[in-house]
Amino acid sequence: MGRIALDYVSPLPPVRSGIADYSRDLLPHLAAEADVRVLRLPGEEVSSEMEARWRPAELARCGEGGRLPLYQMGNNRHHAAVLDTAWRLPGVLTLHDLVLHHFLLDRTVGQDAWEPYAEELARDHGWIGEVVARPLRFGGFGEAAQFALLANRTLTRRHRGVLVHSAWAAGLLREEDPELAVRAVPMGIPLPPAADEAAGLALRRRLGIPEAAPLVGSFGFQTPIKRTDVVIRALAAPGLERVHLLVAGELSPYVFYEREARAAGVAERVHVTGFLPYEELEAGIAACDLALNLRYPTAGETSASLLRVLAVGRPVIVSDYAQFAELPDEIAVRLPPGEGESERLAAALGRLLGAPGALAAMRAAARRHVATHHDQQAAARAIVAACTELAEREPPGDAPLRLPPPTTLTWGDLPGALDVAGAERPWTDGERRTLRLRLVNRSRARWLAGESGPGGVAIEVRLDTPRGDLLAGRPWLPLPHDLDPGGAVELALELRRPLGAARLHVEPHVLGVASFSRLGGPQWEAEL
């Protein structure tokens with residue numbers, strides 16, 4: 001049997017993308033294990049080095065001759081052409097980020113197109129997607145839902161298999177969709193020479209950082225989820241007066257490190273460089289005593305910038321969360337995110353920077369870890385083995401979501417029917433009757449039992465007369481059990497007709513929310 005033929009679809013250098021750098025480093029090793037053809041993304045520049053080495057073919061040729069597409073998918077606009085092709089042509093999909101929600105926002109709401117955003121989010125997440133999408137139409141913006149809803153289901157189900165770079169990511173995908181064929185493969189990282197201390201000292205001098213000062217670094221694209229603001233606040237803690245921070249990476253428009261450093265009184269010890277070319281980035285890592293990779297929440301990525309830091313022999317402090325919890329103690333200190341995070345970080349920095357022997361041992365262990373667990377040739381072999389196994393598998397394809405229905409606590413459209421039998425005229429003054437109330441759920445939501453508290457359904461009964469409501473103060477009739485869409489329930493009501501004119505009004509309410517009449521639901525009333 002010959003080697004598997006792969007069409008490699010990814011951003012390539014000089015695109016400012018960690019996935020482009022990953023591809024540059026992986027391709028020679030992948031080509032040693034498989035017949036690899038590199039494809040060019042339309043509208044994306046390709047460096048002369050990559051042109052000369054790989055002679056990229058046009059993306060329109062993807063999959064021709066039975067070649068298996070191997071897609072590299074990330075959570076940003078550099079992957080627009082990857083996504084377009086991956087929608088149409090099944091292959092093996094490498095998810096560098098489990099969460100594709102931010103990319104969805106960028107290509108829809110970011111282009112003033114709300115309807116496609118709502119449609120795609122509902123397709124991937126059902127009614128939950130509908131609820132999350134609705135506020136954005138009116139300018140509402142909530143970041144938590146963007147990490148909670150992965151927005152990848154339709155895409156992943158169109159492929160023969162999905163590759164990820166951590167056991168945590170594989171477990172989460174399988175939990176979300178058991179029909180997916182998910183394989184965890186190591187992320188290959190080149191093992192460079194140990195940190196060039198001379199280059200590091202030169203960078204310190206250029207940035208005005210004292211040669212003997214303890215220096216910690218945060219590397220890679222800087223967004224609020226990297227929590228570098230937590231590091232800045234930690235520098236103000238007693239005992240860390242000599243510690244400096246190097247921030248090397250392109251800045252998101254939503255971070256304000258220099259302002260935060262001034263507010264914390266540490267501005268002279270925070271050095272923000274912006275994006276650094278590869279060689280200068282290596283010097284920046286070499287200049288540091290250790291690196292920081294706090295992250296919460298996470299898009300599910302295995303951080304290539306973190307692995308490159310470890311590869312040159314720099315230990316790390318990470319968030320004790322998701323995929324980062326897999327890093328062993330001998331190379332990483334893990335800190336729980338949340339309240340008190342800056343204080344915990346300050347204490348950890350004090351311990352590590354005050355123990356040069358322990359720090360040296362962690363440096364050596366960091367290089368061994370990358371050499372052992374992220375060897376590029378071993379990673380390429382794992383990828384090819386997974387692709388060979390998955391090549392003939394049929395994709396799961398589109399299928400309805402198996403979601404529990406929304407409930408009256410979360411859903412605001414509650415059509416239904418309400419009939420009252422036994423109140424027909426003539427009804428003699430003083431006559432006592434047993435009325436039969438029949439309530440039918442014609443909405444998409446599950447109506448919760450009245451005993452559920454907020455969100456539960458109870459039925460208000462009013463008997464209005466010239467003297468007022470004769471039933472005021474009586475308990476409402478609670479829905480006796482949850483009522484699923486399409487279901488019906490009957491309740492009995494004992495009632496004596498008063499003397500004179502009277503009007504009977506019956507209306508369900510969602511406790512703590514609103515009456516059904518305000519939510520598109522039924523009510524009933526009649527003159528007795």
Side-chain angles (χ1 to χ4, degrees), residues 126-128 130-135 137-140 142 403-528:
W127 68 267
I128 298 173
E130 292 181 45
V131 171
V132 168
R134 198 172 296 135
R137 186 169 197 169
F138 308 102
L403 280 179
T407 72
T408 40
L409 187 58
T410 58
W411 201 251
D413 184 20
L414 302 176
L418 174 60
D419 294 315
V420 177
E424 298 82 9
R425 292 192 291 180
W427 188 351
T428 306
D429 290 354
E431 179 186 352
R432 190 177 188 85
R433 291 186 182 180
T434 299
L435 308 185
R436 298 289 176 184
L437 280 56
R438 188 171 190 272
L439 187 60
V440 181
N441 180 358
R442 292 177 179 164
S443 76
R444 294 171 58 187
R446 174 180 291 140
W447 297 358
L448 298 178
E451 64 184 16
S452 301
V457 174
I459 301 171
E460 175 192 17
V461 181
R462 292 202 319 264
L463 189 56
D464 294 323
T465 71
R467 302 181 299 281
D469 175 14
L470 299 185
L471 302 180
R474 286 197 189 181
W476 291 357
L477 296 175
L479 193 67
H481 54 74
D482 291 353
L483 192 61
D484 283 333
V489 66
E490 290 192 0
L491 298 97
L493 172 65
E494 294 285 340
L495 192 66
R496 187 185 300 277
R497 193 203 186 288
L499 301 175
R503 173 175 287 273
L504 181 63
H505 179 91
V506 181
E507 180 172 10
H509 289 251
V510 181
L511 300 176
V513 180
S515 62
F516 265 40
S517 60
R518 294 188 178 183
L519 301 171
Q523 57 180 322
W524 183 96
E525 64 180 16
E527 297 285 347
L528 303 185

message = If I compare all heavy atoms of Leu511 with all of Ala458, which pair ends up nearest, and what's the gap?
response = CD2-CB, 4.1 Å
Atom CD of Glu525: over 12 foreign heavy atoms under 6.0 Å = yes
inquiry  = For the CD atom of Glu460 and the CG atom of Asp469, what is their distance to the nearest 0.5 Å?
reply    = 7.5 Å
ask   = Mind checking whether Val131 and Thr410 have side chains closer than 4.5 Å, heavy atoms only?
value = no
key: Gly430 backbone acceptor or donor facing Arg496 side chain under 3.5 Å   = yes
ask   = Can you tell me how far CG of Leu519 sits from CG of Leu414, rounded to the nearest 0.5 angstrom?
value = 5.0 Å
ask   = To the nearest 0.5 Å, what is the distance between CG (Leu463) and CG (Leu495)?
value = 5.5 Å
message = Main chain of Ala502, side chain of Thr465: is a donor-acceptor contact present, judged purely on distance under 3.5 Å?
response = no
ask   = Between the side chain of Arg433 and the main-chain N/O of Glu424, is any donor-acceptor distance below 3.5 Å?
value = yes
ask   = Do Glu494 and Arg432 touch side chain to side chain, with heavy atoms closer than 4.5 Å?
value = yes
inquiry  = Determine whether a donor-acceptor pair (N or O, by modelled atom type, separation under 3.5 Å) exists between the side chain of Glu431 and the backbone of Asp429.
reply    = no
query = Any donor-acceptor pair under 3.5 Å linking the side chain of Glu507 with the backbone of Ser515?
reply = no
query = What ring-ring contact (aromatic ring centres under 6.0 Å, His included) pairs are there with at least one residue in residues 450-506, not counting sequence neighbours?
reply = Trp476-His509
query = More than 12 non-hydrogen atoms from neighbouring residues, nucleotides or ligands closer than 6.0 Å to CZ on Arg518, yes or no?
reply = no
task = Give the minimum heavy-atom separation between Pro522 and Pro508, together with the two atoms involved.
result = O-CD, 3.3 Å
ask   = How far apart are the C-alpha atoms of Asp482 and Thr407, what are their side-chain angles, what is the distance that settles it, and do they pass the side chain to side chain contact (heavy atoms under 4.5 Å, CB included) test?
value = CA-CA 9 Å; Asp482 291 353; Thr407 72; over 6 Å; no
request  = Provide the closest heavy-atom pair for Leu483 versus Gly487 in the form atom of the first, atom of the second, distance.
outcome  = CD1-C, 3.6 Å
ask   = Is there side-chain contact between Arg446 and Asp484, with at least one heavy-atom pair below 4.5 Å?
value = yes
ask   = Are any non-hydrogen side-chain atoms of Leu448 and Leu479 less than 4.5 angstrom apart?
value = no
inquiry  = With a 4.5 Å cut-off on side-chain heavy atoms, are Val506 and Leu418 touching?
reply    = yes
request  = Quick one: which residue pairs count as a ring-ring contact (aromatic ring centres under 6.0 Å, His included) with a foot in residues 420-445, not counting sequence neighbours?
outcome  = none
message = Are Trp447 and Val489 packed together at the side-chain level, in the sense that at least one heavy-atom pair is separated by less than 4.5 angstrom?
response = no
query = Can Arg436 be said to sit on top of Trp524's aromatic six-ring, NZ or CZ under 6.0 Å from centre and within 45° of the ring axis?
reply = no
